[in-house]
A.B. asks: 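Please read through the structure below; I'll follow up with questions.
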Amino acid sequence: MNAIDKTSQSREKLMADLRIVFRDTEELLANTGHTATEGFKVAKEKLEASLRTAKEEFIRVEETVLEKTKEVAHATDNYVRENPWQAVGISAAIGLVMGLLISRK
């Protein structure tokens, strides 16, 4: 598994974990509506506002990452199509370096 795959899997796991946190927080807030103290109500309202902001930012970041990933993939595809032999050479060099690093262990 290469570094790009690991990074992609880590990002996907982080996104999934954040979705779970959002869901659990929403569930917790929904189930604590019966507490009557004023301080708790203020804290709950602040937490709800923070959660809304975090979800909006999460969605924005997720969309940006997706857009940038598509741009990089498109640029890479164009480069390989325009410079096939250079792409083969770069791939071979990377494979050689990785092979040397792995064989040192």
Side-chain angles (χ1 to χ4, degrees):
M1 180 177 300
N2 64 28
I4 293 172
D5 290 338
K6 287 181 182 179
T7 301
S8 179
Q9 285 180 346
S10 296
R11 186 184 70 239
E12 290 172 11
K13 177 155 178 24
L14 175 62
M15 297 293 193
D17 290 346
L18 284 172
R19 284 187 193 98
I20 291 169
V21 169
F22 290 145
R23 186 194 67 223
D24 291 348
T25 303
E26 288 172 336
E27 185 178 322
L28 176 66
L29 289 171
N31 291 329
T32 57
H34 306 302
T35 305
T37 65
E38 190 61 35
F40 182 81
K41 288 180 182 179
V42 170
K44 181 179 173 185
E45 289 171 4
K46 285 182 181 180
L47 182 58
E48 287 172 340
S50 295
L51 182 62
R52 274 192 304 276
T53 301
K55 283 177 73 174
E56 290 168 1
E57 182 66 14
F58 174 77
I59 291 168
R60 187 190 65 75
V61 167
E62 190 174 35
E63 289 171 351
T64 301
V65 167
L66 183 60
E67 181 180 317
K68 293 294 182 188
T69 302
K70 287 179 182 178
E71 289 175 10
V72 168
H74 183 68
T76 302
D77 184 56
N78 286 341
Y79 180 81
V80 170
R81 288 178 190 271
E82 292 171 5
N83 306 291
W85 289 110
Q86 287 179 343
V88 168
I90 291 169
S91 298
I94 291 172
L96 177 65
V97 170
M98 289 179 70
L100 291 172
L101 292 174
I102 291 172
S103 68
R104 292 178 72 189
K105 290 185 176 182

A.B. asks: Counting neighbours of CZ on Arg81 that are heavy atoms of other residues, nucleotides or ligands and sit closer than 6.0 Å, is the number greater than 12?
C.D. replies: no
A.B. asks: Check side-chain contact (heavy atoms from CB on, under 4.5 Å) between Lys46 and all other residues, then give those that pass, not counting sequence neighbours.
C.D. replies: Val42
A.B. asks: Can you name the ring pair (Phe, Tyr, Trp, His ring centres under 6.0 Å) partners of Tyr79, sequence neighbours left out?
C.D. replies: none
A.B. asks: As a test of understanding, state which of Leu96, Ile102, Val97 forms a side chain to side chain contact (heavy atoms under 4.5 Å, CB included) with Leu100.
C.D. replies: Leu96
A.B. asks: How long is the straight-line distance from CD1 of Ile94 back to CE of Met98, given to the nearest 0.5 Å?
C.D. replies: 8.5 Å
A.B. asks: Taking only residues two or more places apart in sequence, or in another chain, which ones meet Lys70 in a salt bridge (Lys or Arg N to Asp or Glu O under 4.0 Å)?
C.D. replies: none
A.B. asks: What residues, two or more places apart in sequence or in another chain, satisfy salt bridge (Lys or Arg N to Asp or Glu O under 4.0 Å) together with Arg60?
C.D. replies: Glu57
A.B. asks: For Glu56, which residues count as a side-chain contact (heavy atoms from CB on, under 4.5 Å) partner, sequence neighbours excluded?
C.D. replies: none
A.B. asks: With sequence neighbours left out, write down each residue that passes salt bridge (Lys or Arg N to Asp or Glu O under 4.0 Å) with Arg19, or none if nothing qualifies.
C.D. replies: Glu62
A.B. asks: Please enumerate all residues that pass side-chain contact (heavy atoms from CB on, under 4.5 Å) together with Leu51, with sequence neighbours excluded.
C.D. replies: Phe22, Thr25, Glu26, Leu29, Lys55
A.B. asks: Checking one residue: Val65. Which other hydrophobic residues are in its cluster under the side-chain 4.5 Å linking rule?
C.D. replies: Val61
